[in-house]
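Heavy atoms only: backbone and side chains are in, while hydrogens, waters and symmetry mates are out.
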Amino acid sequence: MHESSTRAVRLAMSLAAACLIASTCDDTPAPSRHVPIMHDFGEKIVYTTSRRVDVSALREHCGSLDGSFNDCGTVCAPDATGCVTVCAYTCEGIPQ
């Protein structure tokens, strides 16, 4: 084997090892830490009705506001007299 071929093989092996160690070989994107906000009612935030979201990011955001996270809250304002029955991720009881 030529010296340049040996270097290329060693480099390839080093990159493969680094890839395995760093767990960056997977092409699957990391979950987004984006916090979508559908409605902000002050004392209540409606994040989203989508189940394709990083729930831990929503819980962290709600906790940072001293609210109570609800994984099946309503999409309506706190003072609404009628409301559609749709589960939404919400943060409720946020101190004002």
Side-chain angles (χ1 to χ4, degrees):
M1 195 180 274
H2 294 1
E3 186 177 327
S4 62
S5 296
T6 303
R7 273 193 234 146
V9 169
R10 285 184 183 155
L11 178 61
M13 290 175 66
S14 295
L15 290 174
C19 185
L20 289 173
I21 292 168
S23 297
T24 57
C25 299
D26 189 17
D27 290 336
T28 306
S32 171
R33 297 298 291 174
H34 173 70
V35 176
I37 296 180
M38 195 181 219
H39 301 290
D40 186 343
F41 299 112
E43 65 196 50
K44 174 185 172 182
I45 291 176
V46 179
Y47 292 116
T48 184
T49 57
S50 172
R51 295 302 180 209
R52 297 191 66 177
V53 67
D54 181 359
V55 178
S56 64
L58 305 182
R59 288 182 188 278
E60 286 177 29
H61 183 263
C62 186
S64 73
L65 300 173
D66 293 327
S68 298
F69 183 77
N70 187 341
D71 63 358
C72 191
T74 67
V75 296
C76 299
D79 59 352
T81 56
C83 190
V84 180
T85 306
V86 176
C87 281
Y89 294 115
T90 61
C91 183
E92 302 168 6
I94 301 168
Q96 297 300 296

Grab the two heavy atoms, one from [X] and one from [Y], that are nearest each other, plus how far apart they are.
{"X": "Val75", "Y": "His39", "answer": "O-CD2, 3.8 Å"}
{"X": "Thr48", "Y": "Val53", "answer": "CG2-CG1, 4.2 Å"}
{"X": "Pro78", "Y": "Glu43", "answer": "CB-OE2, 3.4 Å"}
{"X": "Gly67", "Y": "Cys91", "answer": "CA-SG, 3.7 Å"}
{"X": "Lys44", "Y": "Thr74", "answer": "NZ-OG1, 2.8 Å"}

Under 3.5 Å side-chain donor-acceptor pair for Arg51 and Tyr89: yes
Indicate, with yes or no, if [Y] and [X] share a hydrophobic cluster defined by side-chain heavy-atom contacts under 4.5 Å among Ile, Leu, Val, Met, Phe, Trp and Tyr.
{"X": "Phe41", "Y": "Ile37", "result": "no"}
{"X": "Leu65", "Y": "Met38", "result": "no"}
{"X": "Val35", "Y": "Val46", "result": "no"}

How far does SG of Cys62 sit from CD1 of Ile94, to the nearest 0.5 angstrom? 6.0 Å
Got a second to check how far Ile45's CD1 is from Leu58's CG, nearest 0.5 Å? 10.0 Å
Verdict with supporting geometry, Tyr47 and His61, ring-ring contact (aromatic ring centres under 6.0 Å, His included): CA-CA 10 Å; Tyr47 292 116; His61 183 263; 5.6 Å; yes
